[in-house]
Amino acid sequence: HTADAGLDTRVEAFLDIVESYRRHVRPAPEKPFERRRQVIRKGEYCDILDRRTGERLDVRDPRVHLVLPSMGDLSTEATSVATRRQGIHTTPLPLPDAHSTQLARNVASGKECIPALLVLGSILKHFQKVDPASGRDVHLVFVPSTLGPCRTGQYHVFFDRLFEEMGWENVVVMVANSESSYRELGRRFSRDVWRALLLGDTFTDVRNALRLLARDPAAALELFASVWRDVLRAFEAGPGELDAELRRAAQRLLRVPRSGRLEDLRKVLIVGEIYVRRDNYSVEELSELLLSKGIYPKVTGVSEWFHYTDYARKFVLEGRRRREGWFRTLLDGGLKDEAVYLAETMWKRAVEGKISAALRPTGLVPHVPHDMDAIIGQGRREFVDPELESEATVSPAVGAAAMRDGYSGVAIIAPFGCLPGRLIEGVYAPWAKARDYPVLALENDGQPYPPNVVSRMEVFAHNVLRFERAGPDAPRGDA
């Protein structure tokens with residue numbers, strides 16, 4: 001092709017410029033990346049070390065401010081109360097929006113998935129109002145991380161380097177890891193956070209139920225807001241006060257006039273990547289469409305992910321015991337770790353059972369399967385082996401369990417181009433379609449869905465409304 005000559009000339013000219021640059025420009029020596037401040041773990045809580053002066057500040061010091069990114073409005077509010085109960089000065093960030101997301105896009109490469117942009121954008125928007133470079137205060141930004149086939153483990157590195165480039169020496173990233181079930185700040189802190197997540201998940205379900213069932217939704221939501229404020233005040237006061245307030249909350253919610261029962265509604269379980277399925281900004285369009293059709297959108301809670309990380313811990317501990325034997329595991333402290341795990345999970349289940357028992361009489365809390373031993377045990381035979389530690393392990397199995405328990409459809413939501421999200425769709429969707437189960441897979445990039453995707457959502461809602469369970473849980477032709 002004769003036109004290629006011009007293209008070849010341009011490429012050769014570019015390479016010539018690069019070679020000339022390499023001959024005449026001496027690159028600046030690289031210096032190792034190191035932030036001025038560092039988080040130092042302790043048995044309980046943590047310290048922030050100033051490498052320059054050697055000063056150490058406990059996380060409860062008045063100069064330390066914990067910045068808490070949003071993960072659902074109610075869960076974030078409750079977690080903020082939990083941290084204040086521990087004496088930590090906390091700023092819960094508001095829900096992301098288009099403006100905060102654009103702030104993150106301005107400093108990103110374009111390859112980051114939407115959870116990273118939503119979290120980063122909220123942080124940048126916060127520091128537009130609060131100058132992190134002024135004064136002696138230290139801002140501790142909470143960022144969760146995880147291993148597995150996901151970039152989440154690299155986003156805190158991206159944030160750290162960005163804050164360094166911006167000259168924010170007083171901004172420190174505190175990373176919490178899924179391998180430890182996010183217990184980095186110790187047992188006392190983790191216990192209050194667990195209560196907070198359960199409250200956020202449960203009351204999110206209650207709010208959605210009221211929107212569908214209350215005869216006067218506006219009045220019901222006004223009452224809900226009052227109930228939620230009282231529950232948070234009781235939570236801050238202590239576990240005993242919380243238990244009593246939950247019983248009062250149930251009585252107040254029971255008096256809401258209703259037009260039907262939750263068990264009579266068609267229900268859709270929303271699964272997928274942990275952040276976008278739980279973040280209001282990401283899941284709102286899907287939830288609102290389902291609500292407008294009279295379908296209950298059960299968004300899988302944050303607590304489910306904690307149940308799964310606990311299961312993954314047990315999976316690792318038991319694998320270690322099988323490889324090394326009982327005696328070696330005892331000498332290395334592995335049996336002690338298993339005993340600690342057992343005590344923690346028993347306590348978590350007791351607290352969850354107490355909150356559920358208090359609010360179940362309201363008729364506003366849907367059932368959702370979360371027995372990880374049974375769910376993953378079934379899922380490993382049909383979907384993904386537990387060795388692959390990610391949402392792709394738990395979401396297909398939970399979706400299948402929900403369909404067996406009476407749900408009318410499963411929606412999978414994940415960031416655009418998300419590997420775990422596409423793996424969930426790849427293993428669950430064929431299984432569901434073989435049984436004529438309604439299924440929808442969405443990818444979210446922080447923008448409104450285009451008309452063709454909205455049409456798919458409409459079709460999915462129509463299929464949910466007309467879904468009738470034909471018989472046993474078996475593929476067509478096998479029944």
Side-chain angles (χ1 to χ4, degrees), residues 201 204-218 220-221 256-272 276-278 280 282-301 304 362-369 395-414 421 424-425 427-444 448-477 479:
D201 288 346
T204 296
D205 292 341
V206 169
R207 182 171 61 185
N208 281 338
L210 287 173
R211 292 184 62 186
L212 281 176
L213 296 175
R215 290 181 182 171
D216 185 348
L221 291 178
V256 175
R258 305 177 196 182
S259 58
R261 302 185 310 162
L262 182 61
E263 50 265 37
D264 295 330
L265 295 176
R266 295 303 178 103
K267 291 183 278 291
V268 165
L269 185 67
I270 300 177
V271 301
V276 297
R277 77 184 190 200
R278 202 65 184 82
N280 298 52
S282 302
V283 79
E284 182 178 35
E285 192 170 355
L286 172 61
S287 294
E288 291 297 321
L289 184 139
L290 294 174
L291 287 167
S292 71
K293 305 293 184 182
I295 301 169
Y296 183 87
K298 166 54 187 169
V299 180
T300 311
E304 184 217 72
T362 64
L364 299 171
V365 181
H367 167 73
V368 64
S395 285
V398 170
M403 293 303 297
R404 287 190 286 266
D405 283 0
Y407 277 69
S408 299
V410 170
I412 304 163
I413 185 169
I424 295 168
E425 179 187 1
V427 298
Y428 178 80
W431 179 91
K433 290 175 181 177
R435 292 158 175 80
D436 281 333
Y437 290 167
V439 59
L440 172 71
L442 298 174
E443 293 192 347
N444 187 281
Y449 289 119
N452 65 315
V453 176
V454 175
S455 296
R456 288 175 50 219
M457 294 162 62
E458 294 273 0
V459 170
F460 171 71
H462 176 72
N463 289 337
V464 168
L465 291 172
R466 64 194 291 268
F467 172 71
E468 295 292 341
R469 191 173 301 277
D473 183 23
R476 291 192 307 268

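Given the structure is predicted, the values throughout are model-derived calculations rather than measurements. For reference, positions follow the sequence shown, starting with 1.
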**Report entry** Distance in Å, Glu458 CD paired with Asn463 CG, rounded so as to fall on 0.5 Å steps
**Finding:** 11.5 Å

Query - Worked verdict on Met403 versus Tyr428 for side chain to side chain contact (heavy atoms under 4.5 Å, CB included) - result: CA-CA 12 Å; Met403 293 303 297; Tyr428 178 80; 3.4 Å; yes

Query raised in the report: Which atom pair, heavy atoms only, marks the closest approach of Ala220 to Val256?
Result: CB-CG1, 3.9 Å

Query raised in the report: Which residue, Pro297, Pro366, Ser408, forms the side-chain contact (heavy atoms from CB on, under 4.5 Å) with Lys267?
Result: Pro366

Query raised in the report: Do you know the tightest heavy-atom contact between Asn444 and Ser282?
Result: ND2-O, 3.3 Å

Query - Taking every non-hydrogen atom, the tightest pair across Val410 and Gly399 - result: CG2-O, 3.8 Å

Query raised in the report: Ala402 and Pro369: which non-hydrogen atoms are nearest, and at how many Å?
Result: N-CG, 3.8 Å

**Report entry** Gap separating the CZ atom of Phe467 from the OH atom of Tyr437, nearest 0.5 angstrom
**Finding:** 6.0 Å

Requested in this report: Start with the C-alpha gap between Val283 and Val276, add the side-chain angles, then the distance that decides, and say whether side chain to side chain contact (heavy atoms under 4.5 Å, CB included) holds.
Outcome: CA-CA 6 Å; Val283 79; Val276 297; over 6 Å; no

Query - Student check: side-chain heavy atoms of Glu285 and Leu442 closer than 4.5 Å - result: no

Query raised in the report: So, the side chain of Arg215 versus the backbone of Arg258: is there a donor-acceptor pair under 3.5 Å, distance only?
Result: yes

Report summary line: side-chain contact (heavy atoms from CB on, under 4.5 Å) with Leu440: of Leu286, Ile412, Val464, only one passes, and it is Leu286

Requested in this report: Check Ala209 against Leu364 and note the closest heavy-atom contact, atom names and distance.
Outcome: CB-O, 3.5 Å

Query - Flag side-chain contact, heavy atom, 4.5 Å: Thr204 against Val299 - result: no

**Report entry** Side-chain (Arg435) to main-chain (Trp431) donor-acceptor, under 3.5 angstrom
**Finding:** yes

Query raised in the report: Taking atom CG of Leu265 and atom CG of Leu291, what is their separation to the nearest 0.5 Å?
Result: 10.0 Å

Query raised in the report: Taking NZ, NE, NH1 and NH2 as the nitrogens, is one of them in Glu304 or Arg278 under 4.0 Å from a carboxylate oxygen of the other?
Result: no

Report task. Using atom types as modelled and distance alone, determine if a side-chain donor or acceptor of Ser287 lies under 3.5 Å from a backbone N or O of Glu284. Result -> no

Query raised in the report: In Å and rounded to the nearest 0.5 Å, what is the CG to CG distance from Leu262 to Leu210?
Result: 10.0 Å

Query raised in the report: Hey, does the side chain of Ser259 reach the backbone of Leu213 with a donor-acceptor pair shorter than 3.5 angstrom?
Result: yes

Query raised in the report: Is there a donor-acceptor pair under 3.5 Å between the side chain of Tyr296 and the backbone N or O of Asp205?
Result: yes

Requested in this report: Kindly say whether Ile270 contributes a backbone atom to a donor-acceptor pair with the side chain of Arg277 at under 3.5 angstrom?
Outcome: no

Requested in this report: State the CG-NZ distance between Asn208 and Lys298, to the nearest 0.5 angstrom.
Outcome: 9.0 Å

Query raised in the report: Would you call Glu468-Arg266 a salt bridge at under 4.0 Å N-O?
Result: yes

Query raised in the report: For Ala441 and Glu425, which heavy atoms make the closest approach, and how far apart are they?
Result: CB-CD, 3.4 Å

Query raised in the report: Could you walk me through whether Val459 and Arg456 pass the side chain to side chain contact (heavy atoms under 4.5 Å, CB included) check?
Result: CA-CA 5 Å; Val459 170; Arg456 288 175 50 219; 5.7 Å; no

**Report entry** Lys293 vs Glu288, salt bridge (charged side-chain N to carboxylate O under 4.0 Å, His left out): CA-CA, chis, key distance, verdict
**Finding:** CA-CA 9 Å; Lys293 305 293 184 182; Glu288 291 297 321; over 6 Å; no

